[in-house]
Amino acid sequence: MNKIISIDKLQVGMEVVALDKSWLETNILFHRFRVQSKEEIQKLRDNGIRMVTVRLPDPHPSVTPAQVSGELQEQTEVPIYREMEVLPLPSLKEWNALHDKTVAVVSKSFGDVRMGNALEIAPLRQQVVETLELLLRDPRKNSFLVTLSEVDDESYVHSTNTMILAMGLADQSGVPREELPKWGLAALLHDIGKALIPLEILKKPGKLDPNEWETMKRHPKLGHSILSMSKDEVVRGLCTHVAMEHHERKGGGGYPFGLDLPDIDPVSRSLMVLDIYEALTAGRIYRPPLSPAKTLSYLLERELTKLDPRAIAHLVHMVGIYPVGSLVLLTDGRIALITSYKDPDTHTGPVSLLAIFSKPGVPLPEPVPLTLSTIDRSRVKQTFHPRELALSPADIARYLGMAGEDPSGH
Ligand SMILES: [Fe+2]
């Protein structure tokens, strides 16, 4: 049960589910949270919040409306709220709906720039904040989402996926949470300069010739000029740097300026890694997608000397070698989908799988649930991207749902 109360009645321990101002009117990132301190309540006041919606246990015999409305004011912590349910795990359907909406917003932004119209930041920022809220509720992290998109417009999907990965990586590497939206917005806009690259080059179904490639390499500078005109301070600052620097490389081997890592913003250094990871796992018209495990091996073996090793290490830690949604060839010949880890943060300990093929090309009549005490290279002979096994994103989502990975029932 939700109840609207005055900010004066809000107490430490209560669960806030809505504020009386929109995302864009305040500096408050989260509008759903449990109040941890009196300072948080003061921050709400400072942002002009007068009324908040709180969630009450429903039903809860220990709580009465009178208690909520004031009788507990003297307490610094409210024990009865400790047992309240946590926010539900986001469903795959919820994730995909948000992902698709973000792709649509990014698509409109690129279209606006292409038409010579002003770039609207507010809708992009809104998608970043909504994505972050879901991301922080989701202990499965985001690793398999990249393979779940049904949308095939690669530029906009790439920007959206990179935004999700960037905020996950920043959170993983200890960046303060209030900084995460800046990382997300910078990732969402890193390729905005491509809006001014001719479509016949952008959408060419094959490798670019040298002249086309030179044109394509103009997109960092074009992005810089688009974003540096923004009235938004974060866009003019961090986002402009990241748009300009994300194709630079360690040792000065990148473009457009040949900068070395120490001269490059840390957000750009992470974006370089994520840019490649997303492109390889999503695939391109002329190149089939790779599994996360193969992509991480590629980064470690082929790109380590060109990228920031710490950013690669954070990525490996975040997605894990075998993230949920991975398809693995086990030593007994069966191909199985990883459906969950007992500890989803570290990808260690017991792991649940669903065997789908008895051997490559031979589906089992019914998927068979399996549990392994752990998963590592001694148990996995090979990994596959779903497309290598003719499985669609919808198939993977269905199998994950079958394994109970989508407890909301969507
Ligand atoms: Fe780029």
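Values below: every heavy atom of this structure, side chains too, minus hydrogens, waters and symmetry copies. Counting convention: from 1, in listed order, for ligands and their atoms alike.
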How about H219 and H190: are their ring centres within less than 6.0 Å of each other?
no
Going by distance alone, is a donor N or O of one side chain under 3.5 Å from an acceptor N or O of the other, for S109 and D112? no
| task | Using only heavy-atom distances, determine whether the side chains of E278 and H158 contain a donor-acceptor pair under 3.5 Å. | result | yes
OG1 (T339) and CD1 (I396) are apart, to the nearest 0.5 Å, by 11.5 Å
N/O/S from D275 sitting under 2.8 Å away from the Fe ion (ligand 1): no
Checking distances from the Fe ion (ligand 1), one finds that the N, O or S atom of D191 closest to it is OD1
Check whether any N, O or S atom of H246, backbone or side chain, sits closer than 2.8 Å to the Fe ion (ligand 1). yes
